[in-house]
Structure formats: C-alpha cells, structure tokens
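All ligand and atom numbering here is 1-based and tracks the order in the structure. This one's a predicted model, so the numbers in the text were calculated from it and none came from an experiment.
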Amino acid sequence: MPTRRFEATDDGALDALYADVAEKNLQPLWELSGLLTPTPTVRAVPYRWRGKDLRDLGERAGELVPVGRGGDRRVLSLSNPGLGGAPYATSTLWGAVQYLGAGETAPAHRHTPAALRFVLEGEGVWTQVDDDPLHMAAGDLILTPSWTWHEHHNPGATPMTWFDALDLPLVEALDAVFFEPGAGRTAEPATPGRSLSEPSTPGRSLSERHFGGGPGLLPGGATTPAPAHSPLLRYRWTDTDRALNGQLHDSASGAARCGHAHVRFADPTNGRDVMPTMRCEMHRYLPGHTAPEERRTGSALIAVFHGTGAVVLDGVRYDVAPGDLIAVPSWTSQRVVADQRLDLFAVSDAPVLEALALHRTEQIPATTDVL
Ligand code: 1HN
C-alpha cells in the first residue's frame with residue numbers, strides 16, 4: 001500500500017493546499033511513496049499447509065458440520081498469513097480442501113470465478129458440470145469453468161477429499177463476481193432416465209468422448225464457436241502419468257533420459273491453457289535431479305501428489321509429503337528437490353500475466369544458501 005510522506009510544514013499556504021486537496025479526496029503524487037517499486041511488493045508469503053492437518057481437519061469438519069441442501073460446500077480455505085486474514089492462498093488464487101462424506105451431495109450452483117479440482121486420493125465422487133457427469137479419481141484434473149453449473153455427489157461408502165483451486169481473488173479484484181444458486185436444478189437428472197442417486201457415472205463423460213478420444217483426434221463435422229475454456233473437462237491420471245513417463249524414460253530400455261518431466265494441461269482444440277485465468281501443470285522429478293532456481297511474476301499453488309522431497313522458496317526449505325499444499329507468491333524464487341520420485345500438480349495465474357504482457361522470469365545463480 002503506498003504511503004503518504006506529508007507532514008505539516010511551516011508554510012501556511014502549502015498546508016492549506018494539502019488540506020484542501022485531501023478534503024476533495026485527492027492525493028499529491030509527489031508526496032506518495034511505495035507506489036512504483038523496483039520489484040513487486042508482494043503481501044502473500046511462501047507457505048506450506050501439511051496434508052496430514054488438512055486430512056484430519058477435513059474429517060473433523062465432516063463429523064461436525066453437515067453439507068445441507070441449499071447450503072454450500074464443506075471447504076477449508078487456505079488463508080495465507082500475509083494476506084491479513086483473507087481466505088486466499090495468494091493474491092489471485094483461492095486454494096482449499098473439500099470434504100464430501102459418504103452419501104453426501106454438494107448442491108448445484110454456478111459462479112463467474114472459475115474452479116478446478118485435483119484429486120489427491122480416493123475415488124468415487126462424481127461432479128456434474130452443466131449436464132455432463134464427471135467421475136473423479138486420484139490424479140484426475142476436473143474443470144468447472146466460469147459460469148458452469150456444478151454439483152458434487154458421493155454415492156459411495158467412503159468420504160473423499162480433494163484440492164480445489166479458483167481464481168476468486170482475481171475475479172473479486174476485478175469486481176466481476178456473480179453467483180447463482182441452483183434452486184430446482186439439482187433435481188434434474190444428468191441424462192434422461194438417470195437418477196442423481198445412481199451409484200456410478202458413465203465410464204467416460206460426454207466431454208471425454210468428444211475431446212478425449214485419443215491424441216490428435218478431434219470431432220469432425222461442423223465446428224461450434226469455441227468456448228473460452230477447454231471443452232475437455234476431465235484429464236485422467238492414466239494419461240498424465242503416461243505422458244510424464246514418455247518424456248522421462250527411454251521406451252526400449254526403460255532407462256531415465258532426464259530427471260524432470262513436465263506437462264501442461266491444454267485445451268485440445270487449440271493448445272491454450274485449460275481456462276483463461278489458470279494454467280495447470282504436472283511435474284515429475286526423479287531423485288537426484290537438481291533444477292535451477294528461478295522466479296516469475298504471478299502466483300502458484302502446488303499440490304504434492306506422490307513422493308517426498310522439498311520445495312525451496314526464497315532460500316527456505318519446506319519438506320513435502322503427499323497431500324501438502326504450497327503457496328508460491330509472485331517473484332518468489334523456487335527450486336525443487338526430490339528425495340523419492342516426486343509428482344507435483346501446479347496451478348498458476350500465468351495465462352493472465354501472459355495475456356497482459358506482465359510475465360517475467362529470472363534464473364537465480366546457484367549460490368543461495370538453503371536455511
Ligand atoms: C465452490 O463452488 C466450490 O463448487 C469449492 O466445489 C470451493 C470456494 C469459493 C467459492 C466457491 C465447489 C469454492 C467454491
């Protein structure tokens with residue numbers, strides 16, 4: 001926040017000017033400081049939430065707090081200690097864990113902030129996005145783009161938790177939040193003749209049957225106007241895992257060719273990011289691999305899917321284990337160390353920074369001591 005330097009002077013005319021300027025809700029730029037800084041002033045701090053705490057607290061909330069119809073979501077939001085108590089993980093990203101007990105339903109609603117789910121463990125919940133039911137299993141990425149209806153169902157006998165990310169702080173800063181509860185919609189079956197209490201979802205969602213048929217295969221025939229988001233709404237772990245291994249290993253011998261593989265989840269029709277405001281990526285690091293330290297504008301959240309190691313942020317080492325969630329604020333230097341094979345899901349606001357030509361990266365020379 002810029003601050004004002006002005007203090008009373010012994011010049012009466014000048015003091016009167018400043019008083020009149022303030023009275024008219026104006027501020028003299030020449031008296032302000034902290035407005036244009038050499039590098040970004042970032043309020044959010046690097047932070048790690050432990051998977052064990054998130055699981056335990058989600059479970060306790062599951063026992064004590066019902067998800068009522070007409071109610072909303074049983075969600076524990078990541079509240080970055082640098083953001084003054086706001087329920088935001090970074091200045092642009094909402095991150096959370098959501099817990100849905102056996103037999104529970106989180107009713108339909110829609111909002112302009114876009115959301116995505118990355119499933120850290122378990123299987124069996126299905127999310128309906130508009131009229132398309134999407135099965136959720138560990139390692140899957142599920143999209144609920146801006147203004148799509150969505151509801152979650154857990155027809156199974158075991159509770160499930162997953163990682164939610166939304167662009168809510170960004171959309172809020174742009175004064176563009178709209179929300180609509182789904183009164184009357186929840187009762188609509190996903191497909192004619194199907195009941196919402198049906199215990200299973202079709203093997204493949206409509207979006208996967210059309211846009212996930214196979215590499216390089218898109219539906220032929222007339223093209224409809226492209227939506228602002230990927231028409232593929234579920235990215236399956238089996239596909240992500242195969243893509244990562246394909247980059248890492250020699251197909252004949254199985255030997256590792258390099259120590260780091262990295263895929264970006266893309267709109268299959270044009271290669272763009274899955275949604276206009278959020279980029280999703282999956283990284284696989286092999287033990288012993290050392291990646292260069294770098295920083296970038298824009299913030300990210302990391303979800304640890306498999307393995308152990310450390311994420312080093314601004315020289316501070318955060319040991320990580322499955323289920324941990326990490327906030328990486330803008331212009332924070334970052335380096336990853338793998339003790340075991342480490343799979344990290346990352347969501348960032350990079351498409352926004354790129355669209356606005358504000359994207360910058362910097363490689364940090366390898367001299368920083370790790371605390
Ligand atoms: C929301 O709609 C979901 O649908 C999860 O699962 C988290 C956080 C803020 C606002 C809306 C969901 C949310 C949310």
Contact atoms of ligand 1, heavy-atom distance to Asp164 under 4.0 Å: 5 (C), 7 (C)
Enumerated ligand 1 atoms positioned under 4.0 Å from heavy atoms of Gln98: 5 (C), 6 (O), 12 (C)
Shortest non-hydrogen separation from Leu301 to Ala89 and the atoms involved: CD2-CB, 3.5 Å
Short side-chain to backbone donor-acceptor contact, Ser348 and Ser299, under 3.5 Å: no
Ala115 backbone acceptor or donor facing Thr144 side chain under 3.5 Å: yes
For [atom], grab the closest protein heavy atom and report residue, atom and distance to one decimal in Å.
| atom | answer |
| --- | --- |
| atom 2 (O) of ligand 1 | His109 NE2, 2.6 Å |
| atom 6 (O) of ligand 1 | His152 NE2, 2.6 Å |
| atom 12 (C) of ligand 1 | Arg73 NE, 3.0 Å |
| atom 11 (C) of ligand 1 | His111 NE2, 3.7 Å |

Side-chain donor-acceptor contact under 3.5 Å, Asp11 with Thr9: no
Nearest neighbour of atom 8 (C) of ligand 1 from the list Phe179, Trp94, Trp149, on a heavy-atom basis: Trp94
Test log, rule salt bridge (Lys or Arg N to Asp or Glu O under 4.0 Å), inputs Arg296 and Glu294: CA-CA 7 Å; Arg296 55 190 60 220; Glu294 64 170 34; 2.3 Å; yes
Lys/Arg-Asp/Glu bridge criterion (N-O < 4.0 Å) met for Arg284, Asp343: yes
Option among His152, His153, Arg74 that satisfies the side chain to side chain donor-acceptor pair (under 3.5 Å) test with Glu104: Arg74
Which segment of Leu166 sits under 4.0 Å of ligand 1 when only heavy atoms are counted: side chain
Contact with ligand 1 for Glu151, non-hydrogen, under 4.0 angstrom: no
